[in-house]
Number of protein chains: 2
Amino acid sequence: MATLSAAQRRQEAKREYDAYVASCPSRKLLDRLSDKWVSLVLSALADGPQRYSDLARTIAGVSQKMLTQTLRTMERDGLVSRRVTPTVPVRVDYELTPLGWTLMPLMYAVKEWAEVHMEEVEAARAAYDADL
Amino acid sequence: MATLSAAQRRQEAKREYDAYVASCPSRKLLDRLSDKWVSLVLSALADGPQRYSDLARTIAGVSQKMLTQTLRTMERDGLVSRRVTPTVPVRVDYELTPLGWTLMPLMYAVKEWAEVHMEEVEAARAAYDADL
DNA sequence: CGGAATCCAGGGTGATACTG
DNA sequence: CAGTATCACCCTGGATTCCG
């Protein structure tokens, strides 16, 4: 990459984890981050702590199962924290951990990119399909 | 083309894409970008044009089918371009399009994040599992 | 309200074999 | 070398039901 200096490339080469290697834990982590719900949950929590039901409403179309499953995995990975308020009925809030906050901007940027460049992608698809 | 409803015309005029809405095209685009191979292909092409076999070697563990399928979709979406050199045997090079170059740094950052924060994630997992 | 558990259909995925 | 084709399987992910 042109934006990387030779020194940076050397440093990268020495890095312990390499996502290009299938057996590397970071590759599996990248696979997990490449879950379609993770980016949406992270982006949704950018506004601050939110209740389970708030997340379900913001992220339209997510099933209870997938939302819960995604939040559990993200909690286990240290990206979000779960706070239970033992009222009746129960209230559960999720918020980003410090680690989660370091990842959120990156995923948010991808989500933004998808929204901003949607037209160009659709134009490219139309052009591609026309050449068949 | 069929007559657009008032709501459709408003959306058309404002070009508002919201990835939180399940039916929004940008959501489907985000789902596609959330493919585990897309981020690796984009990152691999950050070094410049590469041959099919180079990509297959760099991205360890990808099957021919998935690599080809991923490249086809990315080509259709205008993220990569495909150049065939009709030698014998055939040589095929892939490179990022200008549109692909705008997305690459974002996905590359996510891949980097996974490598850099791997240890913290593993520590979080260990802590989570210990509390069961 | 915020889950857990179960069932189950569908398709995404990989292995394999073949081709220009 | 760079695919295409076929098949079988697993696992995702939705629907439903029940619980604290």
Side-chain angles (χ1 to χ4, degrees), chain A residues 20-23 27-41 44-45 49-77 80-95 128 131-132, chain B residues 19-23 27-41 44-45 49-77 80-95 128-129 131-132:
Chain A
Y20 287 130
V21 179
S23 59
R27 166 67 162 275
K28 294 186 178 65
L29 177 57
L30 182 60
D31 290 350
R32 280 229 37 78
L33 299 182
S34 296
D35 184 281
K36 65 177 177 178
W37 301 121
V38 171
S39 59
L40 290 170
V41 168
L45 289 176
Q50 291 200 39
R51 301 187 58 171
Y52 179 89
S53 51
D54 290 332
L55 288 172
R57 200 177 318 107
T58 299
I59 307 172
V62 66
S63 65
Q64 277 191 351
K65 175 181 175 178
M66 291 316 298
L67 181 54
T68 299
Q69 184 175 304
T70 302
L71 287 167
R72 281 290 170 283
T73 306
M74 292 175 69
E75 186 192 2
R76 179 169 182 266
D77 289 349
V80 303
S81 62
R82 181 173 180 268
R83 187 174 65 251
V84 180
T85 309
T87 52
V88 178
V90 176
R91 174 196 176 102
V92 180
D93 290 84
Y94 291 90
E95 67 179 320
Y128 183 91
D131 286 343
L132 293 183
Chain B
Y20 287 130
V21 179
S23 60
R27 165 70 160 274
K28 294 187 178 65
L29 177 58
L30 182 59
D31 290 350
R32 280 228 41 78
L33 299 183
S34 298
D35 184 281
K36 64 177 176 177
W37 301 120
V38 171
S39 58
L40 290 171
V41 168
L45 289 176
Q50 292 198 40
R51 302 185 61 168
Y52 179 90
S53 52
D54 291 332
L55 289 173
R57 200 175 320 108
T58 300
I59 307 172
V62 66
S63 63
Q64 279 191 348
K65 174 181 174 180
M66 290 316 299
L67 181 55
T68 298
Q69 184 174 305
T70 301
L71 287 167
R72 283 287 172 284
T73 306
M74 291 175 70
E75 185 192 5
R76 180 170 182 263
D77 289 349
V80 302
S81 62
R82 181 172 180 269
R83 188 175 64 252
V84 180
T85 307
T87 52
V88 177
V90 175
R91 174 195 176 101
V92 181
D93 290 85
Y94 290 90
E95 67 179 320
Y128 183 91
D129 295 344
D131 286 344
L132 293 183

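None of the values given here were measured: they were computed from a predicted structure. Naming: A, B, ... by sequence-line order, numbering from 1 per chain.
A donor-acceptor pair is defined here as one N or O able to donate and one able to accept, closer than 3.5 Å; such a pair exists between the side chain of A:Tyr20 and the backbone of B:Ala44. With hydrogens and angles disregarded, no donor-acceptor distance shorter than 3.5 Å links the side chain of B:Arg32 to the backbone of B:Asp77. The closest donor-acceptor contact from the side chain of B:Tyr128 to the backbone of A:Thr73 lies at 3.5 Å or more, if one exists at all.
Nearest to the side chain of B:Gln64, among C:dT13, C:dA17, D:dG14, sits C:dA17. If you check C:dG3, D:dA2, D:dG13 against the side chain of B:Ser53, the one that comes closest is D:dA2.
Rounded to an integer number of Å, the gap from B:Met66 CE to D:dT4 C1' is 15 Å. Separating the CZ atom of B:Arg72 from the P atom of D:dA2 is a distance of 12 Å, rounded to the nearest angstrom. For the pair B:Trp37 CH2 and C:dG14 C1', the interatomic distance rounds to 10 Å; values are reported in whole Å. Going from atom CZ of A:Arg91 over to atom P of C:dG2 covers 8 Å, rounded to whole Å. Following rounding to the nearest Å, A:Lys65 (NZ) and D:dT16 (C1') show an atom-to-atom distance of 11 Å. Across the protein-nucleic acid pair, A:Gln50 atom CD and C:dC1 atom P stand 16 Å apart, rounded to whole Å. Regarding B:Leu67, its CG atom lies at a distance of 14 Å from the C1' atom of C:dG14, rounded to whole Å. The separation between A:Glu75 atom CD and C:dG2 atom C1' is 13 Å, rounded to whole Å.
Between A:Asp54 and A:Arg57 there is a salt bridge, since a side-chain N of the basic residue sits under 4.0 Å from a carboxylate O of the acidic one.
Side-chain nitrogen and oxygen atoms of A:Arg51 include at least one within less than 4.0 Å of the OP1 or OP2 phosphate oxygen of C:dG2. The side chain of A:Arg82 contributes no N or O atom lying less than 4.0 Å from OP1 or OP2 of C:dG2. OP1 or OP2 of D:dG3 has at least one side-chain nitrogen or oxygen of B:Tyr94 nearer than 4.0 Å.
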Discussion item. Could you walk me through whether B:Tyr52 and B:Gln64 satisfy the side chain to side chain contact (heavy atoms under 4.5 Å, CB included) test, starting with their C-alpha distance in whole Å, then the side-chain angles of each, then the deciding distance to 0.1 Å, before giving a yes or no?
Written reply: CA-CA 10 Å; B:Tyr52 179 90; B:Gln64 279 191 348; 3.8 Å; yes
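Summary of the strand contacts: A:Val90 and A:Lys36 both lie near DNA chain D, and taking for each the nucleotide with the nearest heavy atom, the more 5' one is attributed to A:Lys36.
A:Gln69 comes within contact range of no nucleotide atom at all, as no heavy-atom separation falls under 4.0 Å.
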